[in-house]
Protein chains: 2
Amino acid sequence: MSKSRTPSIKMVADRAGVSVATVSNVLNGKPTVSPDFARRVNDAVRELGYVVDLGASRLRSRKAQLAGVVVPDLTNPMFASFVSTLEHLARLDDYDLVVVSARNNVEEEADRLRKIRSWRPAGLIVIPCDGAFAERLPNGFFAPVVLADRIPDAAGFDLIAVDNGPAAGAIAAHLDKQGYGDCLVLGSSLSITNVRERWEGVRAAAGRMHVEMLEIGIDDVNGAQRLEERLRRRPLPGALFSLDHGTTLLTYRTMAEIGLSVPADLAFASFDDMEWMQLVAPGITAVRQPIEEMAEQAWALLLRRMTGSAGKPVTRRLRCAVEIRGSTPRSPLEEAGNTKLGGEKWTLQDEPYSPE
Amino acid sequence: MSKSRTPSIKMVADRAGVSVATVSNVLNGKPTVSPDFARRVNDAVRELGYVVDLGASRLRSRKAQLAGVVVPDLTNPMFASFVSTLEHLARLDDYDLVVVSARNNVEEEADRLRKIRSWRPAGLIVIPCDGAFAERLPNGFFAPVVLADRIPDAAGFDLIAVDNGPAAGAIAAHLDKQGYGDCLVLGSSLSITNVRERWEGVRAAAGRMHVEMLEIGIDDVNGAQRLEERLRRRPLPGALFSLDHGTTLLTYRTMAEIGLSVPADLAFASFDDMEWMQLVAPGITAVRQPIEEMAEQAWALLLRRMTGSAGKPVTRRLRCAVEIRGSTPRSPLEEAGNTKLGGEKWTLQDEPYSPE
DNA sequence: AGCTTACAATAAAACGTTTCACCAGAATTT
DNA sequence: AAATTCTGGTGAAACGTTTTATTGTAAGCT
């Protein structure tokens with residue numbers, strides 16, 4: 001047997017009896033090649049099972065067709081579906097994607113960003129771990145960067161996000177209108193800009209309802225304990241509003257462990273709508289983010305930037321939908337048993353949102 | 001301003017006043033370099049913000065330090081956490097990962113496999129879409145391949161999977177022992193080898209319980225309709241056992257829409273334990289797969305193969321845990337109200353499993 | 001018939017690295 | 001002091017491509 005290696009363009013050229021340049025021309029669809037030669041090359045390619053070496057190809061041609069994606073956590077279903085959509089879109093435009101997760105860790109994110117430069121991507125889509133993203137971006141990074149979902153402290157970035165404030169405000173207004181006197185707002189950390197925006201949205205729209213915020217961190221045992229203590233103290237708040245996915249999970253589990261029941265003991269709403277929230281009874285009132293659309297817009301924008309469109313940084317806010325379900329019934333004191341699955345769907349009206 | 005480009009090793013060499021070779025030696029920690037020169041090089045690297053070009057580096061050194069990962073669907077939480085674990089492990093061993101999703105599509109998987117060769121990975125970890133994986137692996141592929149989770153029809157692959165048969169059998173035995181007379185087993189498709197193994201495990205362990213299988217496909221409206229029709233027909237089966245995540249989701253939602261209640265109308269169990277299954281009331285009896293361990297074993301095995309360990313293909317079966325919860329109470333006819341959240345945990349005994 | 005144009009194919013340079021062979025000088029041995 | 005071995009450093013080749021410039025040949029024009 002021949003000492004087989006993965007075949008190179010040279011081996012193809014030899015086998016087809018042509019020059020390397022001709023093989024390259026055929027493979028890249030250059031028009032100046034006769035049908036006869038093209039056939040011979042294609043045959044050789046097929047017989048050898050040749051595929052181009054991306055590294056070498058990119059090195060020489062200096063065109064990347066490669067984008068990097070950095071997300072805080074792949075196991076979060078929101079981000080997973082964000083990545084999955086991006087992957088699909090990128091493929092349609094003939095781009096490759098290098099995806100990395102920061103595992104909810106700021107230093108790891110910085111590390112990944114440094115590392116991803118080695119790939120020489122033509123652009124980057126990043127969902128940053130927190131607002132201080134700008135500090136972690138390597139200084140000599142030239143490729144365009146589009147941020148998504150989470151809002152950076154510093155200006156000057158392209159940004160595709162959702163209207164956190166108004167959407168959270170819609171939930172607060174809903175709770176207020178239903179007659180809840182006070183609402184305990186829960187979130188991982190106000191250092192995450194989204195959580196901050198949501199909390200501010202709640203305060204702005206709370207009306208007569210008294211609101212209060214409790215930060216419980218990410219995977220933080222102390223935070224979890226503070227939450228449990230609060231839920232064991234009496235009187236309970238009339239409603240709970242959890243501002244992010246991780247917090248919602250923890251809160252809901254804690255309530256179950258303590259034996260609190262929704263909505264009899266308190267109402268419950270969540271930012272981030274997950275699949276199971278319409279499977280539990282009663283369904284959980286939640287803000288649903290247009291995650292696929294976010295991916296689409298982010299990709300479209302990055303693609304424009306990668307193909308040379310200059311211009312001022314763009315900020316776009318996408319509109320969330322609010323799903324009203326059984327966990328926040330009209331009047332918590334009088335009728336506490338509306339456990340109908342699912343619920344009416346209420347969409348934010350189309351009012352313009354102007355960031356900053 | 002200088003016409004800045006992303007800095008190359010040559011620019012570093014110029015700035016440090018040394019040769020390119022020396023820069024390379026410093027960067028790769030070659031011992032034969034004086035502290036003084038090393039410092040100068042490191043300074044220049046820092047000032048320029050230089051990072052190596054992975055493509056060029058790999059091209060010349062011919063050592064890849066790169067592995068590919070192909071999963072059927074990133075939005076499936078199981079696979080997402082599989083990938084996330086792999087990513088972490090790979091980083092610890094200084095490997096890069098290229099992750100792609102086949103989006104539950106056999107042709108797309110074939111396409112991705114072809115494409116991923118262009119990266120010249122040193123190895124591949126694949127969770128195949130179905131058993132016919134071998135046909136889709138490009139013929140001239142030399143790097144080692146480790147399959148995970150799903151069992152291929154053809155032999156000759158390294159494989160890390162779970163003990164589908166025994167685990168599913170344990171659920172069937174449990175249902176039988178609880179006195180359910182018949183069980184409708186649901187799954188996406190028997191063309192997925194896991195589903196087949198599980199179904200066979202059920203049949204082998206069903207005892208006196210009558211079992212029947214219904215395939216409902218993946219995102220298949222006809223299948224969904226067949227399921228709904230069956231659930232509207234009377235008499236209902238005593239128990240439902242769903243063999244994969246997607247099917248569980250669909251089934252549970254359909255039951256809710258029809259107005260069937262668990263476990264009053266029928267018992268319900270699932271292969272694949274998801275977070276929400278202990279959040280709903282009653283909790284859902286489920287088989288929990290050791291997904292992180294699967295990733296660990298797959299990586300360890302691939303790493304061995306990539307670093308030259310030859311030898312016969314290895315098959316390893318990991319043991320699943322069975323979580324008994326309120327959805328499959330002891331006696332469905334007499335006591336139909338045990339809706340306690342959570343439940344006792346039952347682990348498979350440590351009997352050897354031989355996959356021939 | 002001569003002279004330009006157009007075409008098809010190729011040789012060779014280049015991309016950013018790593019590695020190999022080599023070299024000058026210092027340190028050691030004889 | 002001459003001969004040898006180390007030592008720390010460098011020039012140039014090589015990796016697998018794409019691209020540019022160049023060649024040889026056939027066709028089109030006076």
Side-chain angles (χ1 to χ4, degrees), chain A residues 4-42 44-45 48-66 94 96 117-122 140 142, chain B residues 4-42 44-45 48-66 96 115 117-122 140 142:
Chain A
S4 30
R5 272 264 229 86
T6 110
S8 75
I9 199 175
K10 183 149 191 325
M11 298 163 77
V12 176
D14 288 350
R15 175 174 263 257
V18 302
S19 75
V20 228
T22 302
V23 178
S24 176
N25 285 336
V26 172
L27 261 39
N28 298 314
K30 292 287 192 310
T32 67
V33 56
S34 76
D36 178 41
F37 273 55
R39 200 184 41 70
R40 266 159 58 198
V41 168
N42 284 323
V45 164
L48 265 56
Y50 169 80
V51 288
V52 72
D53 181 318
L54 271 183
S57 167
R58 272 205 272 269
L59 174 58
R60 175 59 237 236
S61 72
R62 317 190 56 93
K63 49 188 66 139
Q65 297 287 81
L66 171 72
D94 254 316
D96 289 306
R117 295 184 59 198
S118 300
W119 291 95
R120 302 280 186 266
F142 295 117
Chain B
S4 30
R5 274 265 230 85
T6 110
S8 75
I9 198 174
K10 185 154 188 325
M11 299 162 81
V12 175
D14 288 350
R15 176 175 263 258
V18 301
S19 77
V20 201
T22 301
V23 178
S24 177
N25 285 335
V26 172
L27 260 40
N28 297 314
K30 291 288 191 305
T32 69
V33 57
S34 76
D36 178 44
F37 273 56
R39 199 183 43 69
R40 265 158 63 196
V41 167
N42 284 322
V45 165
L48 264 57
Y50 169 80
V51 288
V52 72
D53 181 318
L54 271 183
S57 167
R58 273 205 271 268
L59 174 57
R60 174 60 235 235
S61 72
R62 315 192 58 92
K63 48 188 68 138
Q65 298 285 82
L66 170 72
D96 289 305
K115 177 80 186 187
R117 295 185 60 197
S118 300
W119 290 98
R120 302 281 187 268
F142 295 119

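Only a predicted model underlies this, so the values are computations on that prediction, with no experimental measurement involved.
- Partners of B:Asp36 according to the salt bridge (charged side-chain N to carboxylate O under 4.0 Å, His left out) rule, which considers only residues two or more places apart in sequence or in another chain, are B:Arg39, B:Arg40.
- The nearest whole Å value for the distance from the CZ atom in B:Arg117 to the P atom in D:dT17 is 11 Å.
- We find that CG of B:Leu54 is positioned 17 Å from C1' of D:dT17, with the value rounded to whole Å.
- Remark: B:Asp14 CG to B:Ser8 OG distance equals 8.0 Å, nearest 0.5 Å.
- Looking at every heavy atom in both residues, A:Leu66 comes nearest to B:Trp119 through CD1-CH2, 3.8 Å.
- For the pairing with B:Val12, the side-chain contact (heavy atoms from CB on, under 4.5 Å) check across B:Val23, B:Val20, B:Val18 returns one residue only, B:Val23.
- Sorted by first then second residue, the side chain to side chain donor-acceptor pair (under 3.5 Å) pairs that include residues 21-31 of chain A, not counting sequence neighbours, are A:Ser19-A:Thr22, A:Ser24-A:Asn28.
- In this structure, the separation between CG on A:Leu54 and CD on A:Gln65 is 10.0 Å, given to the nearest 0.5 Å.
- The side chain of A:Ser34 places an N or O atom within less than 4.0 Å of a non-bridging phosphate oxygen (OP1 or OP2) of C:dA9.
- Using modelled atom types, one side-chain atom of A:Arg117 and one backbone atom of B:Gly49 make a donor-acceptor pair closer than 3.5 Å.
- For residues 48-63 of chain A, there are no side chain to side chain donor-acceptor pair (under 3.5 Å) pairs, not counting sequence neighbours.
- Between the CG atom of B:Asp36 and the P atom of D:dT7 there is a distance of 18 Å, given to the nearest Å.
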Under a 4.0 Å heavy-atom criterion, the protein footprint on nucleotides 13-21 of chain C, written with B, S and -, is BBBBBBB--

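- The interatomic distance linking A:Gln65 (CD) with D:dT18 (P) rounds to 13 Å, in whole Å.
- Each end of the helix from C:dA1-D:dT30 to C:dT30-D:dA1 gets its own axis, taken as the rotation carrying the C1' atoms of four end pairs onto the next four within a five-pair window, and the two axes meet at 50° to the nearest 10 degrees.
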